[in-house]
A.B. asks: 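Handing you a structure now.
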Amino acid sequence: MTSQEIRKRFLDFFAKRNHAILDSASLITADDPKATNATLFNTAGMQPLIPFLMGESHSKGSRLASSQKCVRTGDLEEVGDNTHATFFEMLGNWSLGDYFKEDAITWSWQFLTDKEEGLGLDPNRLYVTVFAGNDMVPKDTEAVEIWKQFIPEHRIYYRDSKDNWWTAGANSPAGPSTEMFYDLTGELGDLSAKEFEQADEDQKLVEIWNDVFMAYKLEGGEIVGELPQKNVDTGAGLERVAAVMQGTTNIFDTDLFVPLLDILKQHARNYNERHARIIADHIKTAVFLINDGVVISNTGRGYVLRRILRRAYNSLEAIECSEKIIPELIHAVVLMYKDLYFKDVDEKKIAIKIKIVATEMDKIVKIIQRGVKIFKKLKDDPNTIVTGKFLMDLEQTQGLPLSMSQKLAKKFGIIISDEAIEDCKKIRREHQELSRKGAEKKFKGGLAEDTPKIRALHTATHLMLAGLRKELGDDVHQKGSNITEERTRFDFTYDEKVSRDILDKVEDYVNNAISTNAKMGVQLMDKNEAKNSDVVGSFWEKYPDTVKVWTISDSEGNIYSRELCGGPHVDELLQIAEFGTFKIKKEESSSAGVRRIKAILEK
Ligand code: SER
């Protein structure tokens, strides 16, 4: 069965059971200061859904399913073994306080075993694990009772929280899980608990699906109570399911990788499977990241992109394959996922991606040339001692990563001590910590901090934009904003000075809305749906495919503002009134065609 067919069957199966099918969200996680996790990319299908699992209502209802693009870069060194890739897709179905264990397990079983609607896997090759319980959460005997309808009890195993507990971070929804395993060998038969563990360790079994019963709320890593609703969150890695369905034990032998490996086989002068897998995976990930707007840089997401391209380059070198092969690989990736993720990617856009990758590859070649010069010189100087700081400087100023320095040193017979390497890594960690903190600050979306006053000014700024558009027309768009405890500074598109008379009207609009004690509501919407409705937004391209829309409306249903935004905001508008009345203090030109307003809340 092709991967395309698997995806389709999965989504059709759940659509038939009244699930709304969501498009995959962007790989880039929302820059949300209240974000419950701090990962750079979506690493699981549930990640874009965290606010809804925590209790927000979803515009598409309480039953959802998707195939979500994910990138995990935690196990980079393991990429290229049988099961690890940085890019993968996760099939998932969700209940937001709708069905719970009975339906979730029944449907998982049906999809895995049913020949017509599902995968038609042999039930005798399936095993399941359930949560063994801990101090806070009981042993999941309920799941066992449900499973017993489908699978003999001796093929159900208890595992502890290391395996059968799922959470997306220290502040997130969480819960016990039940996992489904498939016998890759077809020979295992009934297994005792000990034999099951051994078979898993020997990779004779593969975990193909995980159903999480998300009913708990974590804060600071501790369970602080139950969620307002009991959710189901399931995840099945498409690549692994494809391997099972295509009769292989290895994700790289599936139709999701073979076309890329074939190209490399044709062009490599010294083909090596492991290196070829790394190239295939990394180029695929790079294409997806670039497509979702990641720009190469030395920090954050851009650094991940740079790093995987460098690794791809190293592997190209290892198999003696020219980087001229890259356009062909990029075309192949786009072709492979065309109908799903690259519908609007035409030749021109492919050319842009090729250019980005090629430019980066050129840079790498130059860096290596510089590195060769530096190490040649070191070789000629008998007094050289390579310190950690020196290695870090090479990384930062010459762009020469530690791994490359090590390689070059070896080539020129220069010894680098373990201590120097450790030192370099330590300095790097310190730098990363600093840039992480910097990034966290930046992610506040124009807000200096998240305080009650700043939230109040932020919500008032939404009202002000709505007021300006009402008075000056829909050509008024936000160009930028910066909010501190003292004031909101807001830039918007408009060609001429705005009269005091109009500013007064805008002030009235804001203060009137506040006096009705309108409520702030937030909703997640498809970006395109939001764009085509009455939602006001700027910088659409910076947002993921699923966006947060904040609506200010009173009890009679009058809408005062409806705007795309990451938050945070007040819950109700009287929280703004606590800080006084809204006043526009200043209106001036900011740049050509852009005006700037400074406004405050004053008692
Ligand atoms: N969140 C769980 C996982 O990623 C199930 O979707 O495995």
Side-chain angles (χ1 to χ4, degrees), residues 6-7 10-11 13-14 19 21-22 24-25 27 29 35-54 58 62-75 83-101 103-105 107-109 111-112 128-131 137 140 143 159-182 200 205-218 221 227 229-242 244 251 546:
I6 297 168
R7 241 190 244 113
F10 183 87
L11 298 176
F13 182 93
F14 284 100
H19 289 63
I21 307 304
L22 306 178
S24 171
L27 277 168
T29 42
T36 40
N37 60 76
T39 61
L40 297 172
F41 306 110
N42 280 315
T43 56
M46 54 80 74
Q47 215 161 329
L49 297 173
I50 291 177
F52 310 105
L53 292 162
M54 297 291 254
H58 195 287
S62 56
R63 293 182 179 197
L64 310 169
S66 76
S67 175
Q68 170 67 41
K69 300 180 272 186
C70 301
V71 163
R72 288 188 190 175
T73 53
D75 299 325
T83 53
H84 285 86
T86 53
F87 174 86
F88 63 98
E89 288 168 87
M90 200 180 265
L91 304 170
N93 60 289
W94 291 274
S95 153
L96 304 174
D98 192 313
Y99 57 87
F100 203 45
K101 295 183 188 178
D103 285 333
I105 290 176
W107 290 337
S108 288
W109 181 259
F111 182 74
L112 289 176
V128 299
T129 61
V130 295
F131 184 52
V137 178
D140 200 352
R159 276 181 165 179
D160 64 17
S161 47
K162 190 165 69 52
D163 295 296
N164 283 55
W165 179 260
W166 214 90
T167 149
N171 303 301
S172 77
S177 70
T178 180
E179 296 191 322
M180 288 143 263
F181 290 76
Y182 181 75
D200 189 22
L205 290 166
V206 61
E207 182 228 315
I208 47 172
W209 204 348
N210 185 16
D211 289 2
V212 184
F213 306 118
M214 243 168 203
Y216 300 93
K217 189 173 171 184
L218 290 194
L227 291 168
Q229 63 197 29
K230 285 186 168 142
N231 309 298
V232 172
D233 153 39
T234 90
L238 177 67
E239 287 71 9
R240 289 187 182 185
V241 177
V244 165
I251 59 170
T546 308

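For reference, positions follow the sequence shown, starting with 1. Quick note: numbers below take in every heavy atom, side chains included, and nothing from hydrogens, waters or symmetry partners. In listed order, ligands and their atoms are each counted from 1. Note that this is a predicted model, so its numbers are computed, not measured.
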A.B. asks: If you measure only the distance, is there a donor-acceptor pair under 3.5 Å linking the side chains of Ser172 and Thr167?
C.D. replies: yes

A.B. asks: Can you list the ligand 1 atoms lying under 4.0 Å from a non-hydrogen atom of Met46?
C.D. replies: 1 (N)

A.B. asks: Just jot down the ligand 1 atoms closer than 4.0 angstrom to any heavy atom of Ala44, in number order.
C.D. replies: 4 (O)

A.B. asks: Heavy-atom contacts with Gly235 under 4.0 Å: which atoms of ligand 1 show up? List them by number with element.
C.D. replies: 5 (C), 6 (O)

A.B. asks: Got the closest protein heavy atom to atom 1 (N) of ligand 1, with its distance?
C.D. replies: Asp233 OD2, 2.7 Å

A.B. asks: Can you find an N/O atom of Met90 closer than 3.5 Å to an N/O atom of ligand 1?
C.D. replies: no

A.B. asks: With under 30° as parallel and over 60° as perpendicular, where do the rings of Trp107 and Phe14 fit, or are they tilted in between?
C.D. replies: perpendicular

A.B. asks: Checking the side chain of Asp211 only, and the main-chain atoms of Ser177 only, is there a donor and an acceptor separated by less than 3.5 Å?
C.D. replies: no

A.B. asks: Between His19 and Tyr99 (judged by ring centroids, cut-off 6.0 Å), do the two rings come close enough to count as a pair?
C.D. replies: yes

A.B. asks: Taking 4.0 angstrom as the limit and counting only heavy atoms of Val212, give me the atoms of ligand 1 inside it, by number and element.
C.D. replies: 2 (C), 5 (C)

A.B. asks: Could you tell me how the ring of Phe111 sits relative to the ring of Phe13: parallel (under 30°), tilted (30 to 60°) or perpendicular (over 60°)?
C.D. replies: perpendicular

A.B. asks: Indicate, as side chain, backbone, both or neither, the part of Asp211 found under 4.0 angstrom from ligand 1 when only non-hydrogen atoms are considered.
C.D. replies: neither

A.B. asks: Which protein heavy atom lies closest to atom 7 (O) of ligand 1, and at what distance to 0.1 Å?
C.D. replies: Asn210 ND2, 3.1 Å

A.B. asks: What's the shortest distance from atom 4 (O) of ligand 1 to any protein heavy atom, and which residue and atom give it?
C.D. replies: Trp166 CZ2, 3.2 Å

A.B. asks: Answer yes or no: is there a donor N or O on one side and an acceptor on the other, between the side chain of Thr234 and the main chain of Asn93, under 3.5 Å?
C.D. replies: yes

A.B. asks: I'd like to know if the side chain of Gln229 and the backbone of Ser95 have a donor-acceptor N/O pair within less than 3.5 Å.
C.D. replies: no

